[in-house]
Chemist: 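Shown below is the structure under consideration.
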Amino acid sequence: ALRADRVVVFAAVREEASALEYAADELRADYSVALAVVHSGSAAALEQVAESLWADQNFVLSAVQHDAANFRHASAFLQKDTTFILRVFGRNLMVLSHVQAELLADS
């Protein structure tokens, strides 16, 4: 089916990020497809990216480098990992406004 065809889905999300909603689950977890969605700037489409990618440090770093607001999609674990947060700051200091206040107080 077209929903599971990586080439078709990749082309579709590059044209219209919201097309990810119709992609097969394995393609919602595809790093390159999801990164195309990140670069689209579509906040609604980001909701369709697989949770497993939002738990992947490299993916989140790439997403945050594009837009600090993407940090809010990171897994709860990554949002509380102070070592990771310091790495994120190295990519985009604007993330500071998206980090939980209690984490900053503990530092």
Side-chain angles (χ1 to χ4, degrees):
L2 294 176
R3 294 171 13 103
D5 185 311
R6 186 178 184 284
V7 173
V8 170
V9 170
F10 187 75
V13 299
R14 288 190 57 151
E15 187 68 32
E16 179 59 51
S18 64
L20 187 63
E21 176 181 354
Y22 304 104
D25 290 343
E26 63 269 12
L27 291 177
R28 290 180 189 204
D30 182 281
Y31 192 95
S32 297
V33 170
L35 208 50
V37 173
V38 166
H39 288 279
S40 77
S42 171
L46 290 174
E47 300 293 333
Q48 302 300 322
V49 172
E51 287 183 30
S52 60
L53 286 176
W54 292 116
D56 179 282
Q57 289 189 13
N58 291 325
F59 180 78
V60 174
L61 285 170
S62 294
V64 167
Q65 188 169 354
H66 181 73
D67 184 347
N70 290 334
F71 186 74
R72 73 179 187 275
H73 296 287
S75 69
F77 177 81
L78 290 181
Q79 288 187 24
K80 294 178 181 174
D81 181 337
T82 53
T83 302
F84 177 69
I85 290 170
L86 290 175
R87 287 183 63 204
V88 170
F89 285 160
R91 297 284 178 106
N92 189 337
L93 284 174
M94 298 302 293
V95 169
L96 184 60
S97 64
H98 301 281
V99 173
Q100 297 173 15
E102 61 270 14
L103 286 177
L104 297 174
D106 291 342
S107 299

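Predicted model, so just to flag it, every value in this text is computed and none were measured.
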Chemist: Would a single hydrophobic cluster contain both Met94 and Leu86, if residues Ile, Leu, Val, Met, Phe, Trp and Tyr are joined by side-chain heavy-atom contacts under 4.5 Å?
Modeler: no
Chemist: Would you call the rings of Phe71 and Phe84 parallel, tilted or perpendicular if under 30° counts as parallel and over 60° as perpendicular?
Modeler: parallel
Chemist: Show every donor-acceptor pair shorter than 3.5 Å between a side-chain atom in residues 32-45 and any protein atom, with sequence neighbours excluded, or say none if there are none.
Modeler:
| residue | atom | partner | partner atom | Å |
| --- | --- | --- | --- | --- |
| Ser32 | OG | Arg6 | NH2 | 3.3 |
| His39 | ND1 | His66 | ND1 | 3.4 |
| Ser40 | OG | Val37 | O | 2.5 |
| Ser40 | OG | Ser42 | N | 3.1 |
| Ser42 | OG | Ala45 | N | 3.2 |

Chemist: Measuring from atom CZ of Arg3 to atom CD of Glu26, what distance do you get when rounded to the nearest 0.5 angstrom?
Modeler: 8.5 Å
Chemist: For Ser75, is there any backbone N or O sitting under 3.5 Å from a side-chain donor or acceptor partner on Glu51?
Modeler: no
Chemist: Shared ILVMFWY cluster between Tyr31 and Leu27, side chains joined below 4.5 angstrom?
Modeler: yes
Chemist: Find out whether Gln57 and Asp81 are in side-chain contact, i.e. whether some heavy atom of one side chain is under 4.5 Å from a heavy atom of the other.
Modeler: yes
Chemist: When you measure from the side chain of Gln79 to the backbone of Ala74, do you find a donor-acceptor pair of N or O atoms at a distance under 3.5 Å?
Modeler: yes
Chemist: Please, which pairs that meet salt bridge (Lys or Arg N to Asp or Glu O under 4.0 Å) have at least one residue in residues 54-76, sequence neighbours excluded?
Modeler: none
Chemist: List the atom pairs, with distances to 0.1 Å, where a side-chain N or O of residues 11-25 and a protein N or O form a donor-acceptor pair under 3.5 Å, not counting sequence neighbours.
Modeler:
| residue | atom | partner | partner atom | Å |
| --- | --- | --- | --- | --- |
| Glu16 | OE2 | Ser18 | OG | 3.1 |

Chemist: With a 4.5 Å cut-off on side-chain heavy atoms, are Phe10 and Asp30 touching?
Modeler: no
Chemist: Just verifying a value: how many Å separate Ile85 CD1 and Leu96 CG, rounded to the nearest 0.5 Å?
Modeler: 10.0 Å
Chemist: Considering all heavy atoms of both residues, which atom of Asn58 and which atom of Arg87 are nearest to each other, and what is their separation?
Modeler: OD1-NH2, 4.1 Å
Chemist: Please report the interatomic distance CG(Leu46) to CG(Leu53), rounded to the nearest 0.5 Å.
Modeler: 11.5 Å
